[in-house]
Amino acid sequence: MTEESLTKTNFIRDIIDEHNRTGRFGGRVHTRFPPEPNGYLHIGHAKALVIDFGMAEDYGGLTNLRYDDTNPVKEDVEFVDAIKEDIHWLGFDWGDREYYASDYFEPLYEMAVKLINKGKAYVDELSADEMREYRGTLTEPGKNSPWRDRPIAENQDLFKRMRAGEFPDGSLTLRAKIDMASPNMNMRDPVMYRIIHTEHHRTGNKWCIYPMYDFAHGQSDSLECITHSMCSLEYENHRPLYDWFLDELEIFHPQQIEFARLNLTHTVMSKRKLRKLVEEGHVAGWTDPRMPTLAAMRRRGYPPTAIREFIDTIGVAKADSFVEVELLEHIVRDQLNLTSPRRMAVLERLKVVIDNYPSDLEEEFDVPDFPQDPENSATRKVPFGRVIYIERSDFEETPPPKYFRLSPGREVRLMNAYYVTCTGVVKDEHGNLLEIHCNYDPETRGGMSPDGRKVKGTIHWVAENHAIDAECRLYEQMFANEHPEDLPEGETFMDYFDPDSKKVLIAKLEPSLTEAKVGEVFQFVRNGYFTLDSEDSKPGALIFNRTIGLVDSWAKVHK
RNA sequence: UGGGGCAUGGUGCAAUGGCAGCACACCGGACUUUGAAUCCGUGAAUCUUGGUUCGACUCCAAGUGCCCCGGCCA
């Protein structure tokens, strides 16, 4: 396998390779990640992150972090720290290159003045409604604003007074003088500056005019000498404008490249919808483990490397696409399988009394954390006793075909312990199962029989005397529908929100789990991967999140 | 007066004029002290119609379908 074949090729690499061939940027690759601080980062941002940081890394370049904070009414400091934490968690680093579009308000203002002086920008007095009317439609040209040909000196004066705060919000705008008949709506004299008398989270009350995205982004890229400015497909129509400003300003000209954003089945990605889930209390905040935010995935126990591998696996292209969430889950399981120590925990318990086990006897087994690789595996002590708990689903009084767990008269292996045979059941007056009784075979200590006798079923257990209680939170997809963002008329994504996507139970755990630490993920054998909840768990009142269940092919056959 | 994009198995991504491949999902089997993992195997795709070419997923033309654009949001 050659070096190149390890790295998947994609159209962005092709473009960069071409630039390197022609020498457009002198072989330099410098990217930027430009989040707006108005919400938490989600798995869709992870794609942008991997592209922005990953591409630069691969080509020996750097990536800047730059907050796109040009709209003070929508943005908040609350999110800037959360965003940084998420980026670091994924393993990316911007060094000391932490920038803000608001750092450039002064040079941006100068650039606007330059365009005014060139006769390429003007102060408009049209109201928002009027401007909409003048803009025309998709199929009809717009018409020029009556203020479009105002003398340059007047524009200079008015713009200066806009900055000075002489005018109320919405009364004036600065617009680029391009072409009201352009088939590209973005070129119909786009607004460059608007008046907003709102305190900005960084610049305070210094400014009351704020640049629009289109007037800020390209020039910020230029100021930072960014070479490749990757963004999502909907900005494709903005590229001519991105280029126009840079050309008219005659400043360094980065290349904007657009790619398809990530869509995942069974989830919603729009900030508006995620915010709704949070604000209406359907989930416990932005870090509720069901959320597609990076903070939620961290809390849930997803390894950051799994997220990066996932993004690498899905590739980058320009076609709109929907990735099945099963692929993400597969990669999470795949990594956790290799790294998670095994433990025994009984989620929904059934009491088992081993009648022929001496009531004064208690044993301890040394059990490897990684039974696949016992030679290199650490071990821990697991106590055993006359009364144990097993999983309720591991016993059937009348077993269905192909069932090879416990049922009356049948023998199974208690993992790492003994073979037991079910001898009877105890029920209450309503016929509810209370407990079952077994006999064990002392010859099978450790789970092996000297006579070579086979048992088909191996089940896990926890000794009653030493079990610890812990809350376990089990999560399913938040939305039953594959495409909750693409619904027929009259339906909303909330129609498909599944309130049962979170289930809480009190489980019985083997005692070694008392020492679990936040950030460690365990495999609760035959149940799935679990991690301590970073927000709600307390010593003595442990709470575990199920990161993800194990593949359950029995459930498939059985149903 | 409309413009800009995109089309390969169920899903996602490759193949850059030379045998359509990989992963997930699905289905079957083997193995198993986790019905997990692992191993083996089956099925399944180039939007349509023309053209260029010895040869087309790839180039050309026409068509079809889907996405984006009429915020003083980003």
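Chain A is the first sequence line, chain B the second, and so forth, proteins listed ahead of strands; every chain is numbered from 1. Computed from a predicted model, the values in this text were never measured in an experiment.
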- Message: Parallel, tilted or perpendicular, judged at 30° and 60°: which one describes the rings of F404(A) and W554(A)?
- Response: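 Ring orientation of F404(A) relative to W554(A): tilted.
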- Task: On the 0 to 90° scale, with breaks at 30° and 60°, tag the Y109(A)-W207(A) ring pair as parallel, tilted or perpendicular.
- Result: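 Aromatic pair Y109(A)/W207(A) classed tilted.
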Is [X] touching bases, backbone alone, or none of the nucleic acid, heavy atoms closer than 4.0 Å?
X       : value
T173(A) : base
M212(A) : sugar-phosphate
L138(A) : base

- Query: Side-chain donor or acceptor of E309(A) under 3.5 Å from a matching atom on the base of rA23(B)?
  - Reply: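 Absent.
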- Does the base of rC68(B) carry an N or O that pairs as donor and acceptor with the side chain of N237(A) under 3.5 Å?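 In this structure, the two groups form a donor-acceptor pair.
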Which nucleotide wins on minimum distance to the side chain of [X], given the candidates [options]?
X       : options                   : answer
Q523(A) : rU34(B), rA36(B), rA74(B) : rU34(B)
S321(A) : rC6(B), rG71(B), rG12(B)  : rG12(B)
R194(A) : rC72(B), rG5(B), rG70(B)  : rC72(B)

- Message: Taking pairing as Watson-Crick or G-U wobble with both contacts under 3.5 Å, can you name the mate of rG9(B), or confirm there isn't one?
- Response: none
- Message: Is the phosphate of rA36(B) approached by S553(A) (side-chain N or O, under 4.0 Å from OP1 or OP2)?
- Response: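 Looking at the OP1 and OP2 atoms of rA36(B), one of them is under 4.0 Å from a side-chain N or O of S553(A).
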- State whether H460(A) places a side-chain N or O below 4.0 Å from either non-bridging phosphate oxygen (OP1 or OP2) of rU34(B). no
